[in-house]
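Notes follow once the structure below has been shown.
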Amino acid sequence: MARPADKAVSTGAGGSVEAHRGSLLYFRSDPGSDDSVDSYEYWNDGLLIVANGRVEKAGPAAQLVATLGSDTPIVEHGDSLILPGFIDTHIHYPQTDVIGSGGANLLDWLEKYTFPAEQRFGDPQHARAVAEFFLDELLDNGTTTAQVLCTVHKASADEFFKAADARRLRMIAGKVLMDQHCPEPLRDSAAEGERDSRELIETWHGRNRLHYAITPRFAPTSSQAQLESAGRLAKAFPDAFIHSHLAENRHEIEWVKELNPAARSYLDVYDSYGLLRERAVYAHCIYLDTVDRERMAASGAGAAFSPTSNLYLGSGLFDIAATDAAGMRFAIATDVGGGTSFSMLRTMGEAYKVAQLTDQRLSPLRAFYLTTLGAARVLSLHDRIGSFAPGSEADFIVLDPRATPLLARRFDQSPSLSERLLLLMTLGDDRAVAKTYILGKKASILRTSGTTGTPDDSAQQGVRPRRRLRG
Ligand SMILES: [Zn+2]
């Protein structure tokens with residue numbers, strides 16, 4: 001089709017423009033429980049125009065194609081669904097190697113599987129190899145930003161940041177602070193933890209697309225002195241993230257009570273050390289009361305609802321209605337490796353079932369909001385990611401609604417957007433993620449075996465990567 005050059009879209013100084021045509025979906029606000037039509041934009045035949053790694057415009061193809069320069073390439077995605085990349089607000093990269101391990105409950109699982117696996121991350125080579133595998137797994141699943149726990153070792157965070165930076169990803173991560181109630185090799189001290197965190201913040205926070213999260217693992221594994229040091233760091237670096245766990249499991253809550261008899265609640269422990277604010281994200285938040293939820297909401301802190309983890313470890317059911325009633329922000333997260341899938345699609349499917357079990361409803365539209373713009377809002381990154389508003393960073397994915405014979409069969413029987421989204425979150429997984437784009441460029445999966453070697457090694461040795469993203 002001839003396209004008039006005089007209507008060319010501005011590309012910015014010397015930049016490249018590319019357009020992507022397919023079904024297009026993004027959110028402007030929370031669809032809530034009634035799927036407000038003002039909350040999202042959807043075009044069955046849409047066009048996403050990307051210039052210099054940012055969204056220039058998104059809208060109906062019928063209008064926008066005519067505005068493109070004659071030399072602007074259009075990538076045709078057929079009836080695949082183009083949407084902003086998924087954002088996972090809570091995940092542990094060192095637990096890639098314990099996903100699918102059993103355990104009677106959270107504390108048993110930590111002792112038996114997680115703590116032994118985490119002890120290997122003092123070795124930078126091991127940390128780098130796992131970080132490479134982990135990031136490829138995220139991209140393969142369409143997750144373009146995540147908030148990630150490392151281990152107690154400084155090297156585990158350094159290696160993760162290096163690997164994320166090499167892929168030009170917007171990632172949040174932090175070295176775990178843990179100075180008590182854990183195996184000796186996984187223990188720092190309040191002073192060491194504070195020094196290492198400070199050095200990591202100075203090296204990585206704000207570098208390219210990276211952010212640092214001050215990361216006390218959870219209240220029981222940090223002494224009073226260490227929680228005080230976390231509070232000092234939070235004060236010194238007001239735009240750093242704070243990332244931890246809260247009210248996940250009943251045994252854990254009893255333990256917190258024993259250790260902090262004066263605290264009103266588990267949340268109150270964090271609050272008393274200055275660890276509640278915007279950009280503070282707490283995983284789970286299952287056993288909160290109204291006072292806690294209202295305090296979370298007032299502080300700007302958010303929750304990471306991790307359904308596959310909560311079901312797998314038998315922790316409990318997140319209360320969406322109570323969270324909404326308090327005005328508290330939350331997003332949906334995988335919590336690998338307590339969580340059982342890297343796929344945000346599968347995780348949304350399990351979130352839907354948790355809502356069913358609590359006599360509540362999580363609409364498919366809202367589930368997709370809570371893994372894109374809603375998650376960006378919990379992280380206070382919504383001015384950069386999670387949407388196709390002009391100027392947003394062009395991290396986006398293409399979902400193939402015909403990725404499997406069953407999906408294709410059901411897709412053709414399901415006319416509405418809502419029905420199709422529900423199918424994707426019920427039957428979809430990494431197979432449905434046809435392509436992942438980072439800053440407008442298709443991501444390459446460089447995965448090696450995951451236990452040895454790195455993409456850098458492959459390049460040096462002239463070895464072709466063993467696996468690439470489909471498409
Ligand atoms: Zn976790």
Side-chain angles (χ1 to χ4, degrees), residues 87-103 105-118 121 130-131 134 137-138 143 145-152 156-157 160 171-178 181-182 186 213-222 230 241-253 255-256 266-267 270 275 280-288 301-318 330-344 347 350-351 354 371 375 378-379:
I87 299 168
D88 189 345
T89 47
H90 177 74
I91 186 166
H92 302 244
Y93 97 82
Q95 293 178 14
T96 301
D97 289 333
V98 297
I99 190 169
S101 306
N105 59 47
L106 167 69
L107 302 179
D108 178 56
W109 176 81
L110 281 173
E111 288 288 336
K112 263 197 201 145
Y113 302 105
T114 306
F115 287 157
E118 291 194 2
F121 284 74
V130 178
F134 170 88
E137 196 65 26
L138 289 188
T143 299
T145 290
Q147 180 164 242
V148 182
L149 285 99
C150 304
T151 64
V152 74
S156 74
F160 178 81
M171 283 283 155
I172 306 156
K175 169 209 124 64
V176 159
L177 298 167
M178 188 155 69
H181 300 137
C182 64
L186 285 181
I214 299 157
T215 311
R217 181 178 211 115
F218 67 143
T221 49
S222 283
F241 289 79
I242 298 167
H243 187 198
S244 191
H245 299 86
L246 169 64
E248 174 177 6
N249 162 293
R250 291 187 196 277
H251 302 287
E252 170 211 16
I253 290 168
W255 193 18
V256 172
Y266 191 162
L267 179 76
Y270 295 125
L275 297 173
V281 178
Y282 288 89
H284 310 305
C285 299
I286 296 170
Y287 302 101
L288 300 183
F305 165 26
S306 308
T308 71
S309 169
N310 298 160
L311 294 170
Y312 191 66
L313 296 175
S315 301
L317 304 174
F318 183 81
F330 74 103
I332 295 174
T334 64
D335 191 27
V336 163
T340 51
S341 176
F342 277 82
S343 167
M344 293 304 286
T347 306
E350 296 306 295
V354 167
T371 50
V378 165
L379 298 169

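Both counts, for ligands and for their atoms, begin at 1 and track the order of listing. Counting begins at 1 with the first residue of the sequence.
- Using bins of under 30°, 30° to 60° and over 60° for the plane-to-plane angle, the ring pair His245/His92 lands in the parallel bin.
- Using cut-offs of 30° and 60° for the angle between ring planes, the His284 and His90 rings count as perpendicular.
- One side chain, Asp335 or Ser309, offers a donor N or O that lies under 3.5 Å from an acceptor on the other.
- A pairwise comparison of heavy atoms in Arg217 and Leu110 identifies NH2-CD2, 3.9 Å as the closest pair.
- Taking every heavy atom of both residues into account, Tyr287 and Gly316 meet most closely at OH-CA, 3.6 Å.
- In this view, Ala213 and Gln147, Ile172, Thr215, Phe241, His243 satisfy the side-chain contact (heavy atoms from CB on, under 4.5 Å) rule, not counting sequence neighbours.
- Of all protein atoms, those of element N, O or S that lie under 2.8 Å from the Zn ion (ligand 1) number 4.
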